[in-house]
Amino acid sequence: MILVVGAKGMLGQDLMQVLPGDVRGVDIEEIDITSPESVRRVLLTLKPRVVVNCAAYTDVDGCETNVDLAMRVNGDGVGHLAAATREIGALLVQVSTDYVFDGTKGTPYVEDDRVNPLSVYGKSKLVGEKKARENPDHLIVRTQWLYGHGGKNFVETMLRLAGERTEIAVVDDQIGSPTWTADLSLAITELIENNCRGTYHAANRGTCSWYEFARAIFAEAGVGMTVRPQSTEELGRPAPRPLYSVLDCDKLTHDAGLELEDWREALKNYLERRQPAVRS
């Protein structure tokens, strides 16, 4: 049995649809990953062969002022899962982030590049990676710029703002790869099915800035909106972000035989499936 922790989130919902065989999901009502007792009780009762952890504190700016919570959820919580999965002989799949990098490399990051997180969020997720490795049977999947159905994300925020205003400013100096949770779910599934272990990067192909992503969202959705570029410095958010955090996914393609679709095609597919329809 495969157990998805955080099954009600964007990624968790999609994973529940594509993971093969006997799949079960739990969320905060059934498991508190910050409690070793709760984690151990659930895992020893269900005895899954694979645990995919999608539970995380993902408010990047919120993490700057809620350091303890970020570390307890994104760091210690993973440690509790690592200990329990190791005890029952299960594989732990931990979802991580491009924010473990500082964005100064200038070319796509490979899995063994030096990590140097800038934000509390990135630091807490890096602790989670280290904790996950305490179970030798682990799989860490780094991804970035996630959006999907049933959760707060950049695409939905842009479409909501389109109903409230006619002009918006979006950062144009952060470069990455927008990634649809449905495609990430396929990558995680293939990695598990191919018995991959260690650390992998998984993101949709191609790169853009948040500004370019916003323009594409409005264009694909058929929404009229004036989008102005602005710098990260002008935006002035509490948490520092890497300016170039593109992930090299060649290892995923080589080991699991999967190359995810281009981000623009993924966005189009997401909007076509989105309810309610956004096209006017």
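Remember, it's a predicted structure, so these values are computed and weren't measured experimentally.
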Enquirer: Quick one: do Val5 and Ile192 end up in the same hydrophobic cluster if we chain Ile, Leu, Val, Met, Phe, Trp and Tyr together by side-chain heavy atoms under 4.5 Å apart?
Expert: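 Different clusters: Val5 never reaches Ile192 through Ile, Leu, Val, Met, Phe, Trp or Tyr contacts under 4.5 Å.
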Enquirer: Atom CD of Gln144 and atom OG1 of Thr207: how far apart are they, to the nearest 0.5 Å?
Expert: 9.5 Å
Enquirer: Using 30° and 60° as the class boundaries, would you call the ring planes of His201 and Phe101 parallel, tilted or perpendicular?
Expert: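 Ring orientation of His201 relative to Phe101: perpendicular.
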Enquirer: Would you mind checking if Arg142 and Asp98 are paired as a salt bridge, meaning a charged N to carboxylate O distance below 4.0 Å?
Expert: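 Answer for the salt bridge query: no.
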Enquirer: When you measure from the side chain of Thr179 to the backbone N and O of Ser177, does any donor-acceptor pair fall under 3.5 Å?
Expert: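 Checking the backbone N and O of Ser177 against the side chain of Thr179, a donor-acceptor pair under 3.5 Å is found.
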Enquirer: Which heavy atom of Asp183 sits nearest to which heavy atom of Ala266, and what is that distance?
Expert: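 Minimum heavy-atom contact is OD2-CB, 3.6 Å.
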Enquirer: If hydrophobic clusters are built from ILVMFWY residues whose side chains come within less than 4.5 Å, do Val67 and Val73 share one?
Expert: no
Enquirer: Going from OG on Ser245 to CG on Leu118, what distance comes out if it is rounded to the nearest 0.5 angstrom?
Expert: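 Atom-to-atom, Ser245:OG and Leu118:CG are 10.0 Å apart.
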Enquirer: Does a side-chain heavy-atom distance below 4.5 Å link Leu11 with Ser185?
Expert: yes
Enquirer: Is it the case that the side chain of Glu234 and the backbone of Ser231 share a donor-acceptor pair, with hydrogens and angles ignored and the cut-off at 3.5 Å?
Expert: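 It does hold such a pair.
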Enquirer: Roughly how far, to the nearest 0.5 Å, is the NZ atom of Lys131 from the OG atom of Ser124?
Expert: 12.5 Å
Enquirer: Quick check on the hydrophobic clustering: are Leu159 and Trp263 connected, directly or via other members, by side-chain heavy-atom contacts under 4.5 Å?
Expert: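 In one cluster: yes.
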Enquirer: Quick one: which of Asp102, Asp61, Asp173 gives a side-chain hydrogen bond (donor to acceptor under 3.5 Å, both in side chains) with Arg241?
Expert: Asp61
Enquirer: Do any N or O atoms from the side chain of Asp27 and from the backbone of Glu29 form a donor-acceptor pair under 3.5 angstrom?
Expert: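 No, because the side chain of Asp27 does not come within donor-acceptor range (under 3.5 Å) of the backbone of Glu29.
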Enquirer: Which word best sums up how the rings of Trp210 and Phe154 line up, parallel for under 30°, tilted for 30 to 60°, or perpendicular for over 60°?
Expert: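 Plane angle between 30° and 60°, so tilted.
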Enquirer: Treating Ser35 as the side-chain partner and Asp32 as the backbone partner, does any N or O pair qualify as donor plus acceptor under 3.5 Å?
Expert: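 Not a single qualifying donor-acceptor pair exists.
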Enquirer: Using the side-chain hydrogen bond (donor to acceptor under 3.5 Å, both in side chains) rule, take Gln174 and Thr232 through it: C-alpha gap first, then chi angles, then the decisive distance, then the call.
Expert: CA-CA 7 Å; Gln174 295 177 31; Thr232 298; 3.1 Å; yes
Enquirer: Between the main-chain N or O of Tyr270 and the side-chain N or O of Tyr147, is there a donor-acceptor pair closer than 3.5 Å?
Expert: no
Enquirer: Identify the two heavy atoms, one from Ala182 and one from Asp14, that lie closest to each other, and give their separation to 0.1 Å.
Expert: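 For Ala182 versus Asp14, the nearest heavy atoms are N-OD2, 3.1 Å.
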Enquirer: What I'd like to find out is whether the side chain of Thr166 reaches to under 4.5 Å of the side chain of Thr226, using heavy atoms alone.
Expert: no
Enquirer: Step by step, work out the side-chain contact (heavy atoms from CB on, under 4.5 Å) result for Lys152 and Glu156.
Expert: CA-CA 7 Å; Lys152 181 182 177 182; Glu156 295 302 323; over 6 Å; no
Enquirer: List the steps and the verdict of side-chain contact (heavy atoms from CB on, under 4.5 Å) for Lys125 and Tyr99.
Expert: CA-CA 8 Å; Lys125 292 295 285 186; Tyr99 279 28; over 6 Å; no
Enquirer: Mind listing the closest non-hydrogen atom pair of Val100 and Gly122 along with its distance?
Expert: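 Heavy atoms only, the tightest pair is CG1-O, 4.0 Å.
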Enquirer: Can you tell if the side chain of Thr253 reaches within under 4.5 Å of the side chain of Glu259, non-hydrogen atoms only?
Expert: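 A side-chain contact under 4.5 Å exists here.
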Enquirer: Using the six-membered ring of Tyr109, assess whether NZ or CZ of Lys105 lies under 6.0 Å from its centre and within 45 degrees of the ring axis.
Expert: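 The answer is yes; both the distance and angle limits are met.
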Enquirer: Is there a donor-acceptor pair closer than 3.5 Å between any side-chain N or O of Glu265 and the backbone N or O of Asp262?
Expert: no
Enquirer: Indicate the atoms forming the closest heavy-atom contact of Asn204 with Pro178, along with that distance.
Expert: CB-O, 3.3 Å
Enquirer: Would you check if Asp137 and Thr85 make a side-chain contact, meaning some heavy-atom pair closer than 4.5 Å?
Expert: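 Heavy-atom side-chain distance check fails, nothing below 4.5 Å.
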Enquirer: Is a side-chain N or O of Lys47 found less than 3.5 angstrom from the main chain of Leu44, in a donor-acceptor match?
Expert: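 A pair under 3.5 Å: yes.
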Enquirer: Distance check, rounded to the nearest 0.5 Å: Asp250 atom CG versus His254 atom NE2?
Expert: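 It comes to 10.0 Å.
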Enquirer: Would you indicate whether Glu167, at its atom CD, is surrounded by more than 12 heavy atoms from other residues, nucleotides or ligands within a distance under 6.0 Å?
Expert: yes
Enquirer: Could you walk me through whether Val4 and Cys54 satisfy the side-chain contact (heavy atoms from CB on, under 4.5 Å) test, starting with their C-alpha distance in whole Å, then the side-chain angles of each, then the deciding distance to 0.1 Å, before giving a yes or no?
Expert: CA-CA 7 Å; Val4 178; Cys54 301; 4.1 Å; yes
Enquirer: Any chance you could lay out the side-chain contact (heavy atoms from CB on, under 4.5 Å) test for Leu146 and Asn153, step after step, and finish with the verdict?
Expert: CA-CA 7 Å; Leu146 282 187; Asn153 62 75; over 6 Å; no
Enquirer: Out of the candidates His138, Glu129, Arg133, Glu111, only one should pair with Thr199 under the side-chain hydrogen bond (donor to acceptor under 3.5 Å, both in side chains) rule; please name it.
Expert: Arg133
Enquirer: Same cluster or not: Leu243 versus Phe213, using hydrophobic residues (I, L, V, M, F, W, Y) connected whenever any side-chain heavy atoms lie under 4.5 Å apart?
Expert: no
Enquirer: Flag the pair Val155 / Leu271 as yes when at least one side-chain heavy-atom distance between them is below 4.5 Å, and no otherwise.
Expert: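 Yes. Closest side-chain heavy atoms under 4.5 Å.
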Enquirer: Answer yes when Arg205 and Glu261 have at least one side-chain N-carboxylate O distance shorter than 4.0 Å, and no when they do not.
Expert: no
Enquirer: From Leu43 CG over to His80 NE2, what is the distance, rounded to the nearest 0.5 angstrom?
Expert: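 Spacing of CG (Leu43) from NE2 (His80) equals 12.5 Å.
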Enquirer: Any side-chain heavy atom of Val93 within less than 4.5 Å of one from Asn53?
Expert: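 Heavy-atom side-chain distance check fails, nothing below 4.5 Å.
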Enquirer: Which value, rounded to the nearest 0.5 Å, describes the distance between Gln17 atom CD and Thr189 atom OG1?
Expert: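 Here the rounded value is 11.0 Å.
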Enquirer: Are Ile33 and Val26 connected, step by step, through hydrophobic side chains (Ile, Leu, Val, Met, Phe, Trp, Tyr) whose heavy atoms are closer than 4.5 Å?
Expert: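 Yes, it is one cluster - the side chains of Ile33 and Val26 are joined through contacts under 4.5 Å.
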Enquirer: What is the minimum heavy-atom distance between Asp59 and Gly62, and which atoms define it?
Expert: OD1-N, 2.8 Å
Enquirer: I want to check something: taking the side chain as every heavy atom from C-beta on, are Leu139 and Leu191 in contact at a cut-off of under 4.5 Å?
Expert: yes
Enquirer: Start with the C-alpha gap between Asp255 and Tyr200, add the side-chain angles, then the distance that decides, and say whether side-chain hydrogen bond (donor to acceptor under 3.5 Å, both in side chains) holds.
Expert: CA-CA 10 Å; Asp255 291 1; Tyr200 286 82; 2.6 Å; yes
Enquirer: Is any side-chain heavy atom of Val23 closer than 4.5 Å to one of Met16?
Expert: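 Counting from C-beta outward, Met16 and Val23 do come under 4.5 Å.
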Enquirer: State whether the side chain of Asn135 and the backbone N or O of Ala90 hold a donor-acceptor pair below 3.5 Å, judged by distance alone.
Expert: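 Yes; at least one donor-acceptor contact below 3.5 Å.
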Enquirer: Is a donor on one side and an acceptor on the other found under 3.5 Å between the side chain of Thr143 and the backbone of Ala203?
Expert: no
Enquirer: Treating Asp172 as the side-chain partner and Pro229 as the backbone partner, does any N or O pair qualify as donor plus acceptor under 3.5 Å?
Expert: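 No: the side chain of Asp172 does not pair with the backbone of Pro229.
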Enquirer: Heavy atoms only: give me the nearest Pro240-Ser119 pair and the separation to one decimal.
Expert: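 Closest pair (atom of Pro240, atom of Ser119, distance): O-CB, 3.5 Å.
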